[in-house]
Amino acid sequence: MVQITQTGIAVPAENLPELRAEFKETGVARLPGFLSPRLCALILNRLSASGFEVRNETRPTSGAIFGTTFFMPFENPVMPALHFLLNRQELFEMVTKVSGISRPGNFVCRMHRTVPASEQHIAWHDDAIDFRVLGLNINLSAEEFGGGVFELRNPQRHLTAVVKHAGLGDAFLFRIGSGWQHRLTKVESGSRTVAVGWFRSEPDWQTMALAGLRTGSFVFSEAKGD
Amino acid sequence: MSEKLPSFVEIGDSVLFQKIQDEVVLLNMENQQYYGLNAVGADMWESLIRERSLARAAEELAGIYEIDRETVRGDLSALVRDLVAKGLLKAVVE
């Protein structure tokens, strides 16, 4: 099981062929137990005291709204912790081996929550902006939810993957760009909270991190829409 | 008066870290502070996290750096006191 813990990341070599085959066939690679229970507890502790705010997802070119969810403000302390956890060379190596993308330079994410309200949805879109090369979705829902299924379709508009998050800390990689699109079906009960983000080709995380540490400005800019 | 030096330690409850090039960067989620350890400090940190015992870490580092264990022990003790004071390490009983 590929798993990030408080002290590192485990990437068992024997898991990689199966993940690679799944990704090639469906555009998705499922990573059950991706965040360790201890890390999930650390994040959930802080999430419980956090406020989410309603925000629209808009297409960068037209400005058209294609979704509405609750977003966690980027200034929330959970966000730098997630970026710190997920920007690591061992993870970049693993996703490169599974997906076949070139080695990413960094990972940037956001956190959103979706509830059974009529206006909450995310329609088909492709995420293909801002140097993004691969998606990652992590379940941080403290409670079970109904609906809220992630669907992926290929450039021929054929559905290739349907992912319903099951366990806290479970994650999946998903293909973006080149005509691949995804959406989130409506949440019918409970509350769905996920960290969703993208491996990007640039800039380089290590360079940014060391420079930021030395200047005291260790921050990421907020992920753009679509 | 300085705190008693623990014999065994582990990573603090709210601490994340990663190695970047030859340095270690730590994030304490409690206060959102980042800390950096240079290459020698990074070796000490990794040895402490792996071994948990100051004595075993000192022995390991003495072997790596080919210097006497007492010198390493002194440097390691100073670092451990600092890291414990900042909540980056915590004392444990084994």
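It should be emphasised that the depicted structure is a prediction, and the values quoted were computed from it without experimental measurement. Residue numbers begin at 1 in each chain, while the letters A, B, ... track the order of the sequences.
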Exercise. What heavy-atom pair brings A/F84 and B/Y34 nearest, and what distance separates the two atoms?
Worked result: CD1-CE2, 3.9 Å
Problem set entry | Over 12 foreign heavy atoms within 6.0 Å of CZ, A/R20 | yes
For this session: Report, as yes or no, whether the 6.0 Å neighbourhood of atom NZ on A/K24 holds more than 12 heavy atoms from other residues, nucleotides or ligands.
Result: no
Exercise. Under a 4.5 Å cut-off applied to non-hydrogen side-chain atoms, are B/M29 and A/P77 in contact?
Worked result: no
Exercise. Which atom pair, heavy atoms only, marks the closest approach of B/Q32 to A/P80?
Worked result: OE1-CG, 3.6 Å
Exercise. Would A/T7 and B/E10 count as a side chain to side chain contact (heavy atoms under 4.5 Å, CB included) if you check the C-alpha gap in whole Å, the side-chain angles of each, and the deciding distance to 0.1 Å?
Worked result: CA-CA 10 Å; A/T7 56; B/E10 65 181 26; over 6 Å; no
Exercise. Does B/E30 pair with A/R46 as a salt bridge, N-O distance under 4.0 Å?
Worked result: yes
Exercise. If you draw a 6.0 Å radius around CD in A/E25, do more than 12 non-hydrogen atoms from other residues or ligands fall strictly inside?
Worked result: no
Exercise. For A/L39, is it the side chain, the backbone, both or neither that has a heavy atom under 4.5 Å from a heavy atom of chain B?
Worked result: side chain
Exercise. Measuring from B/L16:CG to A/R88:CZ, what's the distance to the nearest 0.5 Å?
Worked result: 8.0 Å
Seminar exercise, completed: Quick note, side-chain hydrogen bond (donor to acceptor under 3.5 Å, both in side chains) partners involving residues 133-145 of chain A, not counting sequence neighbours, are A/N137-A/H165, A/N139-A/S141
Exercise. Ignoring hydrogens and geometry, is there a side-chain-to-backbone donor-acceptor pair from A/Q6 to B/V15 under 3.5 Å?
Worked result: yes
For this session: Give a yes or no answer on whether the side chain of B/Q18 reaches the backbone of A/L85 with a donor-acceptor pair at less than 3.5 Å.
Result: no
For this session: Please say whether more than 12 non-hydrogen atoms of neighbouring residues, nucleotides or ligands are located less than 6.0 Å from CD in B/E66.
Result: no
For this session: Check whether B/I49 gets within reach of chain A through its side chain, its backbone, both or neither, counting any heavy atom under 4.5 Å.
Result: side chain
